[in-house]
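For ligands, and for the atoms within them, numbers begin at 1 and follow the listed sequence. Note that the structure is a prediction, hence the values are computed from the model and not measured.
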Amino acid sequence: MSRFWSAVVHGLTPYVPGEQPKLDNLVKLNTNEHPYGPSPKALEAIRAATGDSLRLYPDPNADALKAALARRHGLQPKQIFVGNGSDEVLAHAFMALLKQDRPLWFPDISYSFYPVYCGLYDIAHRMIPLAEDFSIRVDDYLPQGGERPGAIIFPNPNAPTGRLLPLEAVERIVAGNPDAVVLVDEAYVDFGGESAIGLIDRYPNLLVVHTFSKSRSLAGLRVGFAAGHADLIEALERVKNSFNSYPLDRLAIAGAVASVEDEAFFQESCRKVIATREKLVADMRALGFEVLPSAANFIFARHPQRDGAELTAELRKRAIIVRHFKAARIDQFMRITIGTDEQCGILVGALKDILGR
Ligand SMILES: *Cc1c(COP(=O)(O)O)cnc(C)c1O
């Protein structure tokens with residue numbers, strides 16, 4: 001605390017990212033990074049962009065990346081906004097679109113950055129409880145008895161549960177709130193969900209946000225994007241150009257374009273993670289764990305007899321790092337990122353040992 005801080009800073013409760021330990025030889029399954037590296041074509045493009053041209057600013061509009069994403073998703077470039085990680089895209093969306101007179105609605109168990117942005121931008125919000133089975137109940141997000149949201153945001157698949165809302169359910173929420181922006185945060189959709197991007201041309205209130213950090217294995221490059229009606233995108237551009245004109249550097253633009261253009265690599269690397277997930281879910285259930293159905297590159301699991309925090313600590317002693325949240329209703333769960341088959345094998349072996357099997 002310092003007397004030099006602004007009143008805003010005194011009131012902030014910042015997001016706490018999963019730890020990035022500086023140790024080697026850890027089985028690191030705590031921050032949902034992809035176990036296999038990025039497309040070799042992306043790495044080659046980044047190397048090719050490393051040179052004297054770095055003395056020049058990058059393209060402030062990242063037109064090459066918007067064009068590549070527009071081609072990939074069947075949209076126009078003016079329907080795409082790009083940013084320095086999807087966290088930055090989300091931050092701009094909170095300020096540009098989700099801050100309204102009525103409260104923003106989102107699930108009580110969800111990405112813990114959402115309440116942090118509400119604090120930063122002073123946005124009134126209502127947290128809507130998930131159902132008993134940790135699914136999102138569509139009816140809870142429809143206007144009811146004179147009450148309607150100023151805007152809505154939810155991840156799909158949800159984080160940290162991994163549960164997927166089918167596309168027709170997402171569409172019911174979007175169609176049922178024609179006067180509110182509905183932001184669907186699809187950070188994990190490539191691991192088994194169907195994207196709502198296909199609905200954009202029918203719903204001017206729909207904004208879909210993606211990241212290159214998970215399915216494209218480029219968390220270190222910091223690239224994310226939003227897709228939606230050109231009017232929504234313009235709102236994001238206005239905030240971005242009032243904040244930082246050059247959020248994406250030359251290396252990020254080059255690497256991201258090459259990643260988007262390497263569709264075969266992308267499909268195959270997601271398929272491998274999905275196959276490993278299915279095996280891990282079966283192995284964990286065989287050990288007595290309750291595992292929520294996951295369409296993401298992580299699973300959310302609890303053991304009926306063993307405490308979640310204690311299991312997390314026992315794994316850590318064996319150099320395996322998973323994520324544990326202290327929040328109500330989910331403090332018995334561990335969120336485990338899908339690693340390589342080998343890493344998941346080490347995890348299952350350690351759990352057998354801990355459970356005395
Ligand atoms: C990881 C994640 C993000 C942010 O990803 P960036 O690395 O900032 O692109 C956004 N939303 C959810 C739900 C996430 O899990």
(message) For ligand 1 and Asp87, I'd like to know whether there is a polar contact (N/O to N/O, distance under 3.5 Å).
(response) yes
(request) Would you check the N or O atoms of Asp185, main chain and side chain alike, for any that come under 3.5 Å of an N or O of ligand 1? (result) yes
(request) State, to 0.1 Å, how close Ala196 and Leu206 come at their nearest heavy-atom pair, and which atoms those are. (result) O-CD2, 3.5 Å
(request) Please find out if less than 6.0 Å separates the ring center of Tyr57 from that of Tyr246. (result) yes
(message) Looking only at protein heavy atoms, which one is nearest to atom 15 (O) of ligand 1, and what is the separation?
(response) Tyr188 OH, 2.6 Å
(message) Just to confirm my output: which protein heavy-atom neighbour is closest to atom 5 (O) of ligand 1, and how far is it?
(response) Ser86 OG, 3.1 Å
Numbering the atoms of ligand 1 from 1, which are under 4.0 Å from a heavy atom of [X]?
| X | answer |
| --- | --- |
| Ser213 | 6 (P), 7 (O), 9 (O) |
| Arg222 | 6 (P), 7 (O), 8 (O) |
| Gly85 | 8 (O), 9 (O) |

Quick test of your reading of the model: are [X] and [Y] salt-bridged, counting only N-O distances below 4.0 Å?
| X | Y | value |
| --- | --- | --- |
| Arg172 | Asp139 | yes |
| Glu88 | Arg222 | no |
| Glu263 | Arg72 | yes |

(request) Out of Arg216, Glu88, Lys214, indicate the one that has the non-hydrogen atom closest to atom 2 (C) of ligand 1. (result) Lys214
(message) Going by side chain to side chain contact (heavy atoms under 4.5 Å, CB included), Phe81 matches just one of Lys66, His92, Glu234. Which one?
(response) His92
(request) May I ask you to identify, for Ala187, whether its side chain, its backbone, both or neither come under 4.0 Å of ligand 1 on a heavy-atom basis? (result) side chain
(request) Examine Arg163 relative to Phe134 and say whether NZ or CZ is less than 6.0 Å from the centre of the six-membered ring and inside a 45° cone about the ring axis. (result) no
